[in-house]
Amino acid sequence: MFEDTGEGKLKFDNFFLGLFGSFFMTLVCLYLAYKGGKSLDDLEATYKAIYESSDFVNLMIASLLPSMFLFFFFYKTERWQSGKGLIVAVLLSMVLVVLNV
């Protein structure tokens, strides 16, 4: 399924793929955890409400779990660059948790 491209680099082994993929998954999971999949009206106001919520830290940590599972997949399949991007995104996301406390 995920084969070596012949030049020593695996498919989907890209720093930016891991970085932006993790940010996207975190935002989607954060929205779903807060809204429960309700309407997509005014995303900016929704994310501001999430950040100001007293449950923000718990929601953020729960939203980062899919990224961590994906990291272990990247680790097991030796996609080091994607894994590095994912870890950078998780660390940057955790800055929000520290600033909110």
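If you're wondering where the values come from, they're calculated on a predicted model, not measured in any experiment. Note: hydrogens, waters and symmetry copies are ignored here, and every other heavy atom, side chains too, is used.
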From [X] atom [atom1] to [Y] atom [atom2], the distance as rounded to the nearest 0.5 Å:
X	Y	atom1	atom2	answer
L64	L86	CG	CG	9.5 Å
F12	F73	CZ	CZ	9.5 Å
L27	L32	CG	CG	11.0 Å
I87	F15	CD1	CZ	10.5 Å
D13	K84	CG	NZ	9.0 Å

Selection residues 15-25 - residue pairs positive for side chain to side chain donor-acceptor pair (under 3.5 Å), sequence neighbours left out: S22-S67
Pair listing, side chain to side chain donor-acceptor pair (under 3.5 Å) test, anchored in residues 90-99, at least two apart: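 Sorted result for residues 90-99: empty, none.
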Shortest non-hydrogen contact between [X] and [Y], atoms and distance:
X	Y	value
L43	Y31	CD2-CE1, 3.7 Å
V97	M60	CG2-CG, 3.4 Å
V90	M68	CG2-SD, 3.9 Å
C29	P66	SG-CG, 3.6 Å
L10	E78	CD1-O, 3.5 Å
Y34	A49	OH-CB, 3.9 Å

Pair listing, ring-ring contact (aromatic ring centres under 6.0 Å, His included) test, anchored in residues 75-101, at least two apart: Y75-W80
Do [X] and [Y] sit in the same hydrophobic cluster, where Ile, Leu, Val, Met, Phe, Trp and Tyr count as joined when their side-chain heavy atoms come under 4.5 Å apart?
X	Y	answer
F24	L65	no
F69	I61	no
L91	L59	yes

pair F23-L92: side-chain heavy atoms closer than 4.5 Å: yes
Residues in side-chain contact (heavy atoms from CB on, under 4.5 Å) contact with F16, at least two apart in sequence or another chain: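 Partners of F16 by the side-chain contact (heavy atoms from CB on, under 4.5 Å) criterion, ordered by chain and then number, come out as N14, L19, F20.
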Under 3.5 Å donor-acceptor, R79 side chain and K11 backbone: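 Looks like yes, one N/O pair under 3.5 Å.
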Exercise answer: donor-acceptor pairs, residues 50-57 side-chain atoms, under 3.5 Å, sequence neighbours excluded:
residue: S53; atom: OG; partner: D55; partner atom: N; Å: 3.1

Which residues share a salt bridge (Lys or Arg N to Asp or Glu O under 4.0 Å) with K48, sequence neighbours left out: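 Scan of K48 (salt bridge (Lys or Arg N to Asp or Glu O under 4.0 Å), adjacent residues dropped) gives E44.
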